[in-house]
Undergrad: 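Sending over a structure as structure tokens; questions will come in a sec.
Every value quoted in this text rests on a predicted model; they were computed, and no experiment measured them.
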Amino acid sequence: MQEEKNLKQMIEEDLLHCQTVWEAYSHDKEKMGELFRLLLLHYEGEIDGFDEDLCVIQNREDSADMAAVYRKNISRLMERMEAFRENGYSNEGLMEYYIRKEQKEINFFADFTTVRIALGMEQIPLLEKEEIMEKLDEMEEICAQVVPRSKKWESLREYLIWLSGKDVNIAMQILPLFFRINDTITKRQGS
């Protein structure tokens with residue numbers, strides 16, 4: 001009982017600490033790195049799935065990109081702490097809770113502009129964001145070509161392989177764009 005109380009108290013204190021550090025030092029890679037390590041130390045063995053699917057932190061990235069990765073990871077860890085709290089400070093049924101909470105509707109009618117705007121708002125390192133926008137431009141050009149679907153598909157295949165290496169949240173936003181393979185055919189039939 002005392003251990004459970006201490007865990008509850010620690011989570012409440014750490015969530016407040018996270019907010020304080022975030023507001024004051026969100027772009028400071030050192031402070032965010034310390035916070036990240038503290039959260040892992042406190043909850044890695046306590047909360048199921050706490051350290052899963054975190055972004056890899058590479059020392060060769062510049063400070064701004066590293067701080068962005070730390071922010072993304074800390075945001076995920078805070079969400080998991082809050083989910084643990086909302087689940088009654090229990091690991092029982094926590095994975096199902098995570099899954100239900102992260103379910104998002106997929107917009108199968110998304111267009112390239114909508115996806116660019118959505119991804120522009122994401123906390124993605126600048127170099128990765130630039131790469132994504134470049135790939136979206138290339139994909140849009142392919143989809144706009146007046147050629148048979150099979151030819152477009154051959155050209156788009158490499159982008160599907162590229163997309164398979166991306167974070168699931170990014171991939172789920174871009175994936176519906178592959179349905180744009182029909183764009184010119186659909187537009188012509190409507191005329």
Side-chain angles (χ1 to χ4, degrees), residues 15 18-19 21-22 25-29 31-40 43-44 47-84 86-87 94-143 153 155-181:
L15 284 171
C18 286
Q19 290 173 345
V21 172
W22 191 284
Y25 303 105
S26 66
H27 295 282
D28 183 328
K29 80 168 185 171
K31 296 285 186 185
M32 296 304 279
E34 289 171 16
L35 180 58
F36 176 70
R37 288 185 289 280
L38 174 85
L39 294 177
L40 286 178
Y43 305 107
E44 192 170 15
I47 299 175
D48 284 351
F50 189 69
D51 59 349
E52 290 181 11
D53 298 324
L54 297 175
C55 296
V56 175
I57 298 162
Q58 300 177 7
N59 289 329
R60 62 183 177 188
E61 292 185 56
D62 68 24
S63 292
D65 286 343
M66 281 181 72
V69 173
Y70 278 127
R71 279 194 306 275
K72 187 173 186 174
N73 283 341
I74 290 168
S75 177
R76 282 185 179 165
L77 296 179
M78 288 172 61
E79 286 173 7
R80 291 171 184 167
M81 290 164 64
E82 290 168 352
F84 184 75
E86 290 168 15
N87 197 48
L94 188 59
M95 282 302 170
E96 292 83 3
Y97 182 86
Y98 286 155
I99 291 168
R100 282 192 312 275
K101 194 164 173 102
E102 77 175 7
Q103 293 298 318
K104 294 180 182 174
E105 289 294 317
I106 298 174
N107 181 1
F108 288 102
F109 301 102
D111 59 30
F112 284 92
T113 303
T114 306
V115 171
R116 279 188 195 96
I117 292 169
L119 291 172
M121 304 297 276
E122 294 276 340
Q123 294 289 336
I124 304 170
L126 185 60
L127 290 175
E128 184 178 4
K129 196 177 281 190
E130 288 173 356
E131 175 200 18
I132 290 168
M133 295 304 168
E134 184 179 303
K135 296 289 187 186
L136 288 175
D137 289 344
E138 293 169 9
M139 288 171 60
E140 187 173 28
E141 278 183 38
I142 292 167
C143 288
W153 179 245
S155 299
L156 285 173
R157 258 195 197 149
E158 71 181 81
Y159 297 93
L160 194 57
I161 294 166
W162 163 80
L163 188 60
S164 70
K166 293 293 170 199
D167 176 79
V168 68
N169 294 322
I170 293 169
M172 295 309 286
Q173 291 183 59
I174 296 174
L175 201 54
L177 295 176
F178 285 89
F179 292 111
R180 293 291 176 186
I181 200 168

Undergrad: Using a 4.5 Å cut-off on heavy atoms from C-beta on, say whether the side chain of E128 contacts that of P125.
TA: yes
Undergrad: Report, as yes or no, whether the 6.0 Å neighbourhood of atom OH on Y25 holds more than 12 heavy atoms from other residues, nucleotides or ligands.
TA: no
Undergrad: Looking at CD1 of I74 and SG of C18, how far apart are the two atoms once the value is rounded to the nearest 0.5 Å?
TA: 6.5 Å
Undergrad: Looking at CG of L136 and SG of C143, how far apart are the two atoms once the value is rounded to the nearest 0.5 Å?
TA: 10.5 Å
Undergrad: Taking all non-hydrogen atoms of both residues into account, name the closest pair between C55 and N73 and its distance.
TA: N-OD1, 2.7 Å
Undergrad: Taking the side chain as every heavy atom from C-beta outward, state whether W153 and L160 have any atom pair closer than 4.5 Å.
TA: yes
Undergrad: Output, in order, the C-alpha distance, side-chain angles, deciding distance and verdict of salt bridge (Lys or Arg N to Asp or Glu O under 4.0 Å) for E140 and R180.
TA: CA-CA 8 Å; E140 187 173 28; R180 293 291 176 186; over 6 Å; no
Undergrad: Applying side-chain contact (heavy atoms from CB on, under 4.5 Å) between F112 and each of I174, L177, D137, report the one that passes.
TA: L177
Undergrad: What is the distance from atom CE of M172 to atom CG of L163, rounded to the nearest 0.5 Å?
TA: 9.5 Å
Undergrad: Which value, rounded to the nearest 0.5 Å, describes the distance between I132 atom CD1 and L127 atom CG?
TA: 11.0 Å
Undergrad: Please give me the minimum heavy-atom distance between L77 and L54, naming the atom from each residue.
TA: CD2-CD2, 4.0 Å
Undergrad: Does K166 form a salt bridge (Lys or Arg N to Asp or Glu O under 4.0 Å) with E131? I'd like the steps, not just the answer.
TA: CA-CA 11 Å; K166 293 293 170 199; E131 175 200 18; 2.9 Å; yes
Undergrad: Just by distance, do the side chain of R116 and the backbone of M133 share a donor-acceptor pair under 3.5 Å?
TA: no
Undergrad: Which label fits F36 and Y70: parallel for a plane angle under 30°, tilted from 30 to 60°, or perpendicular past 60°?
TA: tilted
Undergrad: Would you call K72 and D53 a salt bridge, taking side-chain N to carboxylate O under 4.0 Å as the test?
TA: no
Undergrad: Using a 4.5 Å cut-off on heavy atoms from C-beta on, say whether the side chain of E141 contacts that of E138.
TA: no
Undergrad: Hey, does D48 have a side-chain heavy atom less than 4.5 Å from the side chain of R80?
TA: no
Undergrad: What heavy-atom pair brings S26 and W22 nearest, and what distance separates the two atoms?
TA: CB-O, 3.0 Å
Undergrad: Output the distance between atom CD (E52) and atom CD (E44), rounded to the nearest 0.5 Å.
TA: 10.5 Å
Undergrad: Output the distance between atom CZ (R157) and atom CZ (F178), rounded to the nearest 0.5 Å.
TA: 11.5 Å
Undergrad: With heavy-atom distances below 4.5 Å as the criterion, would you say the side chains of M32 and H27 are in contact?
TA: no
Undergrad: Looking only at heavy atoms, which two atoms of E158 and S155 are closest? And how far apart?
TA: CG-O, 3.9 Å
Undergrad: Under 4.0 Å between a Lys/Arg side-chain N and an Asp/Glu carboxylate O for E134 and K129?
TA: no
